Structure formats: structure tokens, C-alpha cells
Amino acid sequence: MATNRTDYEPAAIEPHWQQYWESQKTFRAPDDADKPKYYVLDMFPYPSGAGLHIGHPEGYTASDILARYKRARGFNVLHPMGWDAFGLPTEQYAIQTGTHPTVTNARNIENFRGQIKRLGFSYDWDREIDTTDPDYYRWTQWIFLQLFKRGLAYVDERPVWWCPELKTVLANEEVIDGRSERGNHPVERRNLRQWVLRITAYADRLLEDLKGLDWPDSTKRQQEAWIGRSEGAEIEFPIAGDTEESLRVYTTRPDTLFGATYMVIAPEHPAVNKIVTAENRDAVDAYVRKAAQKSDLERTDLAKEKTGVFTGAYAINPVNDQKIPVWVADYVLVSYGTGAIMAVPAHDDRDHEFATEFSIPILQVIENQDLPEAERADLPYTGPGVLINSGAFSGLPSDEAARRITGTLAERNLGRPSVQYRLRDWLFSRQRFWGEPFPIVWLPAQDYDKLDADLRPEEPVRYTADGREWYAAPIAESALPLTLPEVESYQPSGTGESPLANVKEWVDVWYNARTGQTVPATDPRPEGDHWLAARRETNTMPQWAGSCWYHLRYLDPRNQDHLVSPERFQYWGVPDYYIGGAEHAVLHLLYARFWHKFLYDLGVVTEPEPYKKLFHQGIILGEDGEKMSKSRGNVVNPDTIIEEHGADALRAYLMFLGPLEAMKPWKSQGIEGITRFLKKVWRELIDREGNRQSRITDAPETDTETLRLLHETIKKVGEDIEALRLNTAISQMMIFVNHLQKTDTFSLETGKTFVRLLAPFCPHLAEELWERLGETPSVCYAPWPEYDPARLETETVKVVFQVNGKYRGDAQVPKAADQDTVLAAAKDQPRVATHLDGKTIRKVIYVPGKILNIVASP
RNA sequence: GCCCGGAUGGCGGAAUGGUAGACGCUGCGGACUUAAAAUCCGUUCCUUGCAAAAGGGUGAGGGUUCGAGUCCCUCUCCGGGCACCA
């Protein structure tokens, strides 16, 4: 079965074993195995036209090593791969060339799959999934329907990020510094009707459950910051004069309420129009218009001066009945808190800047008495302290004052404790063709009344356009998947509508108000008055949708009745290890947690978190130390490396570069060292005729040093794999092979043990050697070697001698030697003696088996 | 501005508070060869020294300790995240 090559020729042995694994289905993960399960998940790739990037095999090799190791450890390992294939590049290619995205997608997947297979990863290809496959997105749509029914999906006309270049709206998470995350195009605000998912309903749980996750700290912190929980109070400020109006503000510092010398409301705040006085209206209107035109980049640019206008209105401070002016300023965001603030210039940097700019009084109400007298009046001061100028509350520490002021206001129904989140609801619709269609139709108001109760969401979802009200109604679950129609043009309209809106024969349907079934409007209307004329939703879902739950579909990829069957989930559960890039820290990883928690609430899964253990592989830079990019011409193509050095060498080298999580540059010369190592492994085991080396004996290993090093290597490689310290695992294997090279003879058992250690890293070579050493394939299921702790022990140990902390020699001493014996041995050494000469020993520190430090002074 | 992470030879990196530089790359010297490739051996932190050895050395400065790359404080630089969220 092994190849007949006499030399190490990866180009011959790698395809051979890849075919073997494929034909034998070596990595098929049975669902009914009588073994403990282990689920290793990779972040699945977007199959771009550019093919595999070197960053893909980095993470995938690490997970593959873990998967193969766990298999050898007796686990039934689930290690799947699939395609996150909806997305803009494929659609843009379709726009440019007219090629249907399905065609491009199939071609790209074909290419990716081939590249991945050439790397020898141990995926169970029977479980391959593709988010654009109707059998897959049927369940994405199904989950959406459940969200819809439970009131977690709604439409909202709201200012959203619109990217003129991409001709679509983007989520907050997809906008970085006023530019699109994908493509780096400028974005602007537009008011559009959008689907939104109520992720904020899960904010507290998403935050709370982070604590129990075994994730990189930085990623947890990023999610924590993104959710941005803050505790404070909402306070009611009545508007002065003949009006019932009042402004509600949110503040984290109710203790500074006496220092509020003005208020600010956001330009978009609905109260602006109601409170503005006649003489100020023109100026306010102009300001509001201007603010609306500003991009958020302009609005959030810290360097710029604060702007705002006075509304002419005054509000009453509920604690002291002071009249304070109400301003409109764009430094207050309508989308956070209540869209209005009480401004305390003495104790807030931003308010201080604004008050200084517009000559508004600044009143200190907090004093930090830990500061020297001279500095206590330095403003703004934003820390805690003791209240001053605050009526009955003066003299209280700020934290206690905050509680008492909130309590007093609550009694008068003018305030209450409040928790706010920075997290906004998730903007979930895109004006694109290449995405999951929403399983939703729109009905006019009068028809919505005819809708069966079972089809109605908890709260009606509706919007108004051209004076008519439209209501959302769900398509029957049994009618899923709702597939994408054929279209003639993929060009977005640019008006905020998807290309699907142009496909009349798809959009217009007869909708059954009892069952949710639809038939095309081009067909005759079916019998019965419960068949209503309806329009399909023409937006599609964002790319994140499919990846929110893919970890579940791998468990049961062909199930036609369930997203995942309870039995399959019962056995496989959620991934034990999830490996992927840190760039998804808040996007995919937050969305997926949200959907998974929702599925948990539905009872589809019985675990509240999808990814218990997460690891981010670091970025591999180009040889010049810069990020790889086509324009720099420093891109390393995995295919080229495989041709020159083989997949095993590429895998091992990627792991050997440095710590998996670190950002590190690629060096073409470095891979030579790995190639040399693999050739050396071959040569130590195989002679020139391709047979087992004659110096390998059948007898048990007798050389104690070989045995000790072998067991040390078993221990280190195993422990390092568990911790994904794969670079040092490879170092240890190199040390071992260097040792074998120096021995005259070693046993067959020693050789076979080493091959098993090498197998997760370089599986092709390991299979080949395994068979040539007389075993039958596959090495993948050969049990992982156990190390014998007794073999690691030596009779004597090396103790380092130090005088005053400096190395002055060492000696092998019996393990149980006591301090006096070792001290005597040390003193015997001339080098130690020299440094003790003329000195008195003040102290001796002896760490058995490690070190003997003699502290001596004249 | 705030919050993280990092800084070790010519390079990638290794080191439960216990000989800093494992392993690999590169360079240099040598062996084998007609020659080359491949392979093997030696050497490769700096200074002094023929050597033995001595001194210095993990971004900078201080501290804790018998002993610090590792722990603590201050600072510099680099990378990442957040950034008017009241």
C-alpha cells in the first residue's frame, strides 16, 4: 500500500495517502460510536476567487493536529469543513460579468476544496456544508421565522449606514471610522426601512455568560466593551413654561445633578420641534439640517470644536428647581440612552469643553478631598469625591449621594435607576441579490386582519410607505426554503432596493392567510378568500446569518426535518475547540452567541453557549514583515509551497514559525530547515533501497538515554498539542531525531513510537513510514503513546553551583543527596573554590535537583 | 485620550523565580565529491585572553529576592482594540 519510493518524495507520497484517506473514508465521524466525542471546529472560509490564503492553512493545520491527536487518544472526532459562501465579492463578480453567483460559487468552492485537500486535513467531507445551498439556508430562514414570531425581528425606518459604493446598508459592526469594513469605502447616513434583530434583548445574558467562556481575554474584553453595559439613572426634567413637555435624560452620575447648568438634546430628538421657541426656530432648524448631512466621521472627530444652538427653552432641575437652558448639539447621540443629557461641565470633559465654548456657567459640586488644597478646584474633575454646593446632599461621598438622589427622585416619580447598553439592535437586511431571502411577505392593513392567529408575530411588524400601511406575514415553514429567483441583472438599483425588487414574477404572490403558503401571482388566484395578494420582502440577509449556526448543522447536515436532531445534539453538542481569526471578535462571535442562545431558548439545543473554548491564530506577515497583499507582491501561495516542499513541510513549518497566536513573518528560507528535518526522519528509518534501516533492532529498546529522551518527547509533544504550543512540540521532535542520528542502533518500537508522535503534524510521511515499519494503515487510529514517568527519572541529577548567584560549575549528584554532600562536592571544584577563597560563607541555598547557591563575603 | 498585548543574538523564536539564547534559519570553517547538489562535522551574543577563564548582556531606569527575561514601580517604542455611549 505504501509507495515504492526510495527517497522522501512528498510529491509522490502525499497524493497517494490523500487518495487512500478519501477512498477509505478514514475521517468519517460515525454518529453512533461508542466513544467519547471531540468536536474541533474551524472558522469556515468564504470561498473567494483568489483561492486559499496562507492564513487559512495556519489555523486549519493547528486544528487538524488537535483533531488527529484526539483521534489517537481514542475520541470520536468531529472535524468538519464548509463554505460561508454568500457575500459581496461573488455578487460583484456577477454584476461585472453576468455570471450567476451559483456558477462562480461552485467553481470557487471546487478550487478551495482541492487546495484544502492537498494540505491533508482530516475533515469528514461527508458533512460538508454550503450556506448558499437551499437545503442549508432553509434552516437559516427557519431560525429567522422563529425570531420573527417571537418579536425579535422587526422593521424600523431609521438612519442607517449606507455605502454608495457597495450600494447597500451596513451594520454598525461593518463600519470602521466612517468607512466600510469590506472595501474601505466611505459610508453615509440614510433613512431606510430595515429589518432589525433585537439582540439587545439578550444583552445582559451575552455579557453575563462571557465570564464562563475559555476565550482569549482580549476577545472577551472586546465583546464586553461592545455590549457596553452602564448603570445610572434616568431623570425627568420638566420644560419651563406653559407646557406638559419634559425631557428625560440618562446619566451615570446622578450625584452631580446640582451641577447641571444646561441640557443638551440630540439634533434628531423628537422633542426638538416641540420645545424650540419661535425666535430660535430658524437657527435650530438650520443646525439640525446640517447635522443630518454630516457624516459620522465628521460628527465624531474629536479634534473638532463642539457645536450647538440654544433652543430658547428652559428645563427645571428637579432637585433645586433651577431653570437651565436646553441646547441642541450633535455631541449627544439620539441612539444612546434617552438622546438627551443633563450637562455638568464641572465634572464631564465634553460638557466642560462645550460650556467653555459657549460661556455657560460651570458649577463645581464634587470635591476630591484627597487632593492638595490648591488642586481641589481644578476642573473638569471626573472622579469620585464629596458633594459640595448640593443642598442637603452636600458632604456625602459621591457614590452614596448618587443612590440617595436617585431614591429621592424615584419617590417623586421624577427618576429611576437605569441600565443602558452601548449595544444596538442588529441591522439585519441588505439590498443585495446574493443572500438568504427573507421568508416574509407584505400585506396591506385590511388583509392583515384575515391572517390566521398562528401566523401572527407577538407584535405586528409594519411600516408605512406612500400613505399605506404594510404588515409583515411569515411564509409557512413547510414552504421553506424560499429560493432565490433567476434574474437578468444583478445590478443594485441604488435606491435602497435589492435587485430582487425588479423580479416581478417572484415578488408578487398569492398568499394563503391560513397556511402561509404562496403561489406566484402569475398563476391564477387559487379558490377561497383567504388567498391574498402580497409582495415578497426583497431584502436579503447579511453574510453573518449563515455562520450564526453552522456549528450545529455539521452535526446533522442532511436532516430534512430538523435543523439538528435532538439525538445528534445530545451526542455531539457544541464544539470543544474553536479555532479562527481574531478579526471576528465582535461580529461573527457575538451574532452566533445571540442566535445560539435563542435556539437554546427554543429548546433546539441544550447548551446556552456555542463556543466554549476559542483560540485565535495570529496573522502571518509577508517576508518583508508587512501584511500580505497583492499590491505589495508579498503574498505566499500555499500551492506553490506544496509543489516545492510538500504539504507536510508546509504544515510543520507554519506551526514552527512561532507561537500560534503570534503575528509572525513568513521566511522562505526557514522552510528548508523543516524539509531537512523530514528528510532526516526518513533517512533514520528507511535505507537507500526503501527498506527499514538495518540498524533498527527488533529487540526492546535498551539505550537508557534513548528511552529517557523518547519518553520526554512523548510527554512534551502531547502536552504541547493540548495547549497548541506546536512550535515547541516540533522542536522537541527535532531534538529527538538529532539524538537518533547519533545513536548506533535503536529499536523498531522506538521508531514506531516516534512516527505516531509525528503523525498529527506530518500525516502523509507518517502513514508512509508506519506501513514501511511493518504496520497496517492507518496510523491515524494507532493509539497515542503513553509516557512512563519512571523513564523520565534519572539516577543522578545535575546541580548547578553558584557563588553569590553566579554560575561557577555544576556536577551530577545522586538525586537524594543532602545539602552537605552537595556543598562538599561544590567546594571540591577549583572554580567554586577560587571564588570562595578568602571569604566567609554566610548562607547556602540548596534547591534539590536544581541549584546550590553559596552566599559568601569577605 | 482610555483599555489590552508585546520588546530576548544577524533573523524566527526557547526558557514552572534557578546555567539566557533550546530548536531552526543565516554566516563562517572543514569533511565527502573530478565538481556541484545532497549529506555530515565544527563554529556563530558582546568585550578581554593563546588558553583556562574573567567581565558584561533579555527596550531604558529603579525596586523586591540568595538568585529576575520571568515579580513590582516609572518611562520609551511597537502592535491591537475602543474612542463624544453622558
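Each chain gets a letter, A, B and so on, in the order its sequence line appears, and its residues count up from 1. What you are looking at is a predicted structure, and each value in this text was computed from that prediction instead of being measured.
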J.: Quick one: which of rC4(B), rA86(B), rC23(B) gets closest to the side chain of S731(A)?
T.: rC23(B)

J.: Heavy atoms only, 4.0 Å cut-off, all strands: where does I735(A) land among base, sugar-phosphate and nothing?
T.: sugar-phosphate

J.: Answer syn or anti for rG9(B), where the cut-off is 90° from 0 on the glycosidic torsion.
T.: syn

J.: Between P on rC78(B) and CD on E626(A), what's the gap in Å once rounded to a whole number?
T.: 14 Å

J.: rC2(B) pairs with which nucleotide, Watson-Crick or G-U wobble, both distances below 3.5 Å?
T.: rG81(B)

J.: Name the pairing partner of rA86(B), where a pair is Watson-Crick or G-U wobble with both distances under 3.5 Å, or state none.
T.: none

J.: Counting any heavy atom closer than 4.0 Å, what does R842(A) reach on the DNA or RNA strands: base, sugar-phosphate only, or nothing?
T.: nothing

J.: Check step by step if side chain to side chain contact (heavy atoms under 4.5 Å, CB included) holds for I54(A) and L654(A).
T.: CA-CA 9 Å; I54(A) 200 79; L654(A) 282 169; 4.0 Å; yes

J.: Which sits closer to the 5' end of RNA chain B, G337(A) or I851(A), going by the nucleotide each is nearest to?
T.: I851(A)

J.: W666(A) CH2 to rC25(B) P: how many Å, rounded?
T.: 15 Å

J.: Does a side-chain N or O of K806(A) approach OP1 or OP2 of rA20(B) to a distance below 4.0 Å, or not?
T.: no

J.: Distance between the P atoms of rC23(B) and rC78(B), in whole angstroms?
T.: 34 Å

J.: Give the rounded distance in Å between these two atoms: NE2 of H269(A) and C1' of rA86(B).
T.: 13 Å

J.: Given 3.5 Å as the limit, does a donor-acceptor pair link the side chain of K211(A) with the main chain of L207(A), or not?
T.: no

J.: Quick one, give me the B/S/- string for nucleotides 8-15 of chain B, reading 5' to 3', where B means a protein heavy atom under 4.0 Å from the base and S means that only happens at the primed atoms, P, OP1 or OP2.
T.: ---SBSS-

J.: Can you tell me the distance, in whole Å, between the CH2 atom of W215(A) and the P atom of rG81(B)?
T.: 17 Å

J.: Give one of base, sugar-phosphate or nothing for S335(A), where a contact means two heavy atoms less than 4.0 Å apart.
T.: nothing

J.: I'd like the P distance from rG29(B) over to rA22(B), given in whole Å.
T.: 22 Å

J.: Give the nucleotide from the list rC66(B), rU39(B), rC40(B) with an atom nearest to the side chain of V855(A).
T.: rC66(B)

J.: Please report the distance, rounded to the nearest Å, between CZ in R422(A) and P in rA86(B).
T.: 10 Å

J.: Report the residues that fulfil side-chain contact (heavy atoms from CB on, under 4.5 Å) with D624(A), sequence neighbours left out, ordered by chain and then residue number.
T.: E626(A), R632(A), N634(A)

J.: Answer with yes or no after comparing the ring centroid distance for Y262(A) and F354(A) against a 6.0 Å cut-off, counting only values under it.
T.: yes

J.: Run the salt-bridge test on D7(A) and R5(A) with the 4.0 Å N-O cut-off and return the result as yes or no.
T.: no

J.: Using a strict 4.0 Å threshold on nitrogen-to-oxygen distance, state whether K220(A) and E224(A) make a salt bridge.
T.: no

J.: Please state whether the phosphate of rC3(B), meaning OP1 or OP2, lies under 4.0 angstrom from any side-chain nitrogen or oxygen of S218(A).
T.: no

J.: Could you give the distance separating rA20(B) and rA35(B) at their C1' atoms, to the nearest angstrom?
T.: 43 Å

J.: Distance check needed: rC25(B) P versus Y653(A) OH, whole Å only.
T.: 10 Å

J.: Please tell me which of the listed nucleotides, rC84(B), rA53(B), rC23(B), lies nearest to the side chain of K306(A)?
T.: rC84(B)

J.: Rounded to whole angstroms, how far apart are OH on Y807(A) and P on rG55(B)?
T.: 14 Å

J.: Write down the distance separating the P atoms in rA14(B) and rC66(B), rounded off to the nearest Å.
T.: 31 Å

J.: I want to verify a distance call: between rG18(B), rC3(B), rC82(B), whose nearest atom is closest to the W226(A) side chain?
T.: rC82(B)

J.: Considering only atom P, compute the distance from rU48(B) to rU34(B) and round it to an integer number of Å.
T.: 43 Å

J.: Provide the Watson-Crick or G-U wobble partner of rA53(B), both distances under 3.5 Å; none if there is no partner.
T.: rU48(B)

J.: Measure CG/D687(A) against P/rU39(B) and give the value in whole Å, please.
T.: 18 Å

J.: Using the ring pair (Phe, Tyr, Trp, His ring centres under 6.0 Å) definition, which of the options F746(A), F677(A), F754(A) pairs with F736(A)?
T.: F754(A)

J.: Applying a 3.5 Å limit to both distances, which nucleotide forms a Watson-Crick or G-U wobble pair with rC40(B)?
T.: rG30(B)

J.: So what does Q802(A) hit on the nucleic acid, given a heavy-atom distance under 4.0 Å: a base, only sugar-phosphate, or nothing?
T.: base

J.: Picking from rC82(B), rA22(B), rU39(B), which would you name as closest to the side chain of R683(A)?
T.: rU39(B)

J.: Nearest-nucleotide wise, let me know which of T338(A) and N738(A) is further upstream toward the 5' end of RNA chain B.
T.: N738(A)

J.: Give me the one residue out of D351(A), I405(A), V344(A) that meets side chain to side chain contact (heavy atoms under 4.5 Å, CB included) with T256(A).
T.: V344(A)

J.: Should E236(A) and R416(A) count as an ion pair when the cut-off is N to O under 4.0 Å?
T.: yes

J.: For atom C1', what is the distance between rC50(B) and rC40(B), given to the nearest Å?
T.: 30 Å

J.: Under a 4.0 Å threshold between the charged nitrogen and the carboxylate oxygen, would R708(A) count as salt-bridged to E712(A)?
T.: yes

J.: Counting only side-chain nitrogens and oxygens, does R676(A) get under 4.0 Å of the OP1 or OP2 atom of rC25(B)?
T.: yes

J.: Now, which nucleotide makes the Watson-Crick or G-U wobble pair with rC11(B), with each of the two distances under 3.5 Å?
T.: rG24(B)

J.: Give a yes/no answer on whether the side chain of R808(A) brings an N or O atom under 4.0 Å of OP1 or OP2 in rA54(B).
T.: yes

J.: Is a donor on one side and an acceptor on the other found under 3.5 Å between the side chain of W682(A) and the backbone of T6(A)?
T.: yes

J.: Which value, in whole Å, describes the distance between the P atoms of nucleotides rU74(B) and rU70(B)?
T.: 16 Å

J.: Could you work out the separation of rA68(B) and rA15(B) based on their C1' atoms and round it to a whole Å?
T.: 13 Å

J.: For rA54(B), does OP1 or OP2 lie under 4.0 Å from any side-chain N or O of H835(A)?
T.: yes

